[in-house]
Amino acid sequence: MKALITGATSGIGQSFAANLSKKGWALILTGRNEEKLKEMKNSLGGSVEIIAADLAKREDVFRVYEFCRDKNVDMLINNAGYGLFGKFDETDLDDEVNMINVNITALHILTKLFLRDFKKNDHGTILNVASAAGFMSGPLMAAYYGSKNYVLKLSLAIYEELRRDHSNVRITVLCPGPVDTNFNNRAGVSFSVKPITADYAADYAISKALNGKFFAIPGLVVKLGTLAPRFLPQKLLAAIVYNIQKAKKTSDGKEKALK
Ligand SMILES: NC(=O)c1ccc[n+]([C@@H]2O[C@H](COP(=O)([O-])OP(=O)(O)OC[C@H]3O[C@@H](n4cnc5c(N)ncnc54)[C@H](OP(=O)(O)O)[C@@H]3O)[C@@H](O)[C@H]2O)c1
């Protein structure tokens with residue numbers, strides 16, 4: 001079995017790689033950090049191919065797909081992504097558009113191209129990494145939450161299309177709360193609740209994906225949190241999320257955010 005993992009150089013992606021490698025899977029790993037990819041190829045053992053790519057660039061997304069096509073990939077893991085913190089009118093536009101390119105556009109393109117191949121063979125699994133943020137609006141992290149809503153809703157729609165087709169192709173969406181990775185440093189935030197480990201998040205998601213489950217929401221508190229939109233009006237929920245985030249200032253002036 002073979003998996004393509006995006007964002008494999010750090011955090012949850014690195015844990016996906018270690019987990020599947022231990023299970024004997026062949027891997028194709030991508031990320032921008034070529035040195036880290038080479039290091040992982042040497043340390044993981046087994047069959048590991050690497051391709052450095054910046055998924056904010058459309059041409060790199062297609063280059064990754066071309067590298068993988070005809071290699072009999074069984075699982076696509078769309079994991080690359082990052083967040084930005086700040087009021088919407090104050091966050092950097094270029095950085096935010098790049099984030100949309102990585103979190104949404106690259107995931108969209110790879111999902112479509114691999115889904116077409118998987119459907120031809122009536123075989124394959126797509127594991128999209130969204131977030132608990134995908135269930136709600138996120139004042140002070142507006143575009144990030146919006147991007148994860150897209151990932152969740154797109155994946156759910158594809159799930160239903162596959163179900164109606166009686167397809168053997170599977171799609172799973174991972175929606176974690178805080179995970180202990182480099183995410184916070186990139187987003188410029190600190191944790192508001194105790195994070196789970198990247199290894200746990202990856203193991204949980206892979207076991208759901210291999211069992212054909214759609215939702216992978218690790219942790220009881222986060223699971224309950226994702227139910228909030230069913231019971232609370234959207235505007236009230238947005239106000240709650242704003243207050244939680246705003247109240248989480250740390251002594252060094254950083255602010256904490258829900259992921
Ligand atoms: N950590 C959390 O609390 C949390 C919670 C919910 C969801 N998530 C989601 O989990 C996923 C993985 O994040 P993480 O927590 O593991 O963070 P991380 O440690 O910062 O890892 C992010 C990964 O994304 C890759 N990446 C970022 N920009 C890229 C670009 N332009 N092109 C290609 N690859 C790029 C990075 O690789 P390079 O730097 O090598 O490019 C890195 O491997 C993300 O989609 C994130 O939104 C995280």
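Not measured: the values here are computed from a predicted model. Note that ligands are numbered from 1 as they come in the structure, with each ligand's atoms numbered from 1 the same way.
For ligand 1, the atoms closer than 4.0 angstrom to any heavy atom of Val129 are 9 (C), 10 (O), 11 (C). Remark: ligand 1 atoms within the under-4.0 Å shell around heavy atoms of Gly31 are 40 (O), 41 (O). If you number the atoms of ligand 1 from 1 as listed, the ones under 4.0 Å from a heavy atom of Pro178 come out as 3 (O). Numbered from 1 in the order shown, with element, the atoms of ligand 1 that lie under 4.0 Å from a heavy atom of Asp54 read 30 (C), 31 (N), 32 (N). Near Gly177, meaning under 4.0 Å from any of its heavy atoms, are these atoms of ligand 1: 3 (O), 5 (C), 6 (C). Atom numbering of ligand 1 starts at 1 in the shown order; those under 4.0 Å from a heavy atom of Gly11 are 16 (O), 19 (O). Within ligand 1, the atoms closer than 4.0 Å to a non-hydrogen atom of Ala53 are 32 (N), 33 (C), numbered from 1 in the order shown. The atoms of ligand 1 that sit less than 4.0 Å from any heavy atom of Asn182 are 19 (O), 20 (O).
Atom 44 (C) of ligand 1 has its nearest heavy-atom neighbour, among Leu174, Asn33, Asn79, Asn78, in Asn79. Atom 38 (P) of ligand 1 has its nearest heavy-atom neighbour, among Val189, Leu107, Ile5, Thr9, in Thr9.
Taking a cutoff of 4.0 Å between a charged side-chain nitrogen and a carboxylate oxygen, Arg63 and Glu66 do not qualify as a salt bridge.
Tested against His123, the residues Asn168, Asp74, Asp117, Asn72 include a single side chain to side chain donor-acceptor pair (under 3.5 Å) partner, Asp74.
Taking 4.0 Å as the cut-off, Ala198 does not count as a neighbour of ligand 1 on heavy-atom distance. For Ala130, the heavy-atom gap to ligand 1 drops under 4.0 angstrom. Taking a 4.0 Å cut-off on heavy atoms, Ala52 fails to register as neighbouring ligand 1. In this structure, Gly83 has no heavy atom closer than 4.0 Å to ligand 1. Ligand 1 lies nowhere less than 4.0 angstrom from a heavy atom belonging to Ala133. Ligand 1 lies out of reach of Gln14, whose nearest heavy atom is not under 4.0 Å from it.
Remark: aromatic rings of Phe85 and Tyr144 are distant, center separation not under 6.0 Å.
Across every non-hydrogen atom of Ala132 and Val222, the tightest pair is CB-CG1, 3.8 Å. When all heavy atoms of Gly7 and Ala80 are compared, the pair lying nearest together is N-CB, 3.6 Å. Summarising the geometry of Phe114 relative to Cys68, their closest heavy-atom pair is CZ-CB, 3.8 Å, with the distance given to 0.1 Å. Of all non-hydrogen atoms in Gly225 and Met136, the two that sit nearest each other are O-CE, 3.9 Å. Looking at every heavy atom in both residues, Ala130 comes nearest to Cys175 through CB-SG, 4.2 Å.
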### Task
Go through the steps to decide whether Asp92 and Glu96 satisfy the test side-chain contact (heavy atoms from CB on, under 4.5 Å), and finish with yes or no.
CA-CA 6 Å; Asp92 183 79; Glu96 206 158 60; over 6 Å; no

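Counted by atom type alone, Asn42 and Lys38 present zero donor-acceptor pairs between their side chains at under 3.5 Å. If you check the side chains of Ser10 and Asn182, you find no donor sitting under 3.5 Å from an acceptor. Side-chain polar atoms of Asn103 and Ser147 form a donor-acceptor pair below 3.5 angstrom.
Geometrically, ligand 1 and Gly13 share no nitrogen or oxygen pair separated by less than 3.5 Å. The shortest N or O to N or O distance between Ile12 and ligand 1 is under 3.5 Å. For a threshold of 3.5 Å applied to N or O pairs, the pair formed by Arg32 and ligand 1 contains at least one separation below that value. Between Pro176 and ligand 1, not a single N/O pair is under 3.5 Å apart. No N or O atom of Val102 sits closer than 3.5 Å to an N or O atom of ligand 1.
Neither the backbone nor the side chain of Arg186 comes within contact range of ligand 1; no heavy atom lies under 4.0 Å.
The CZ atom of Arg32 lies 7.5 Å from the OG1 atom of Thr9; values are rounded to the nearest 0.5 Å.
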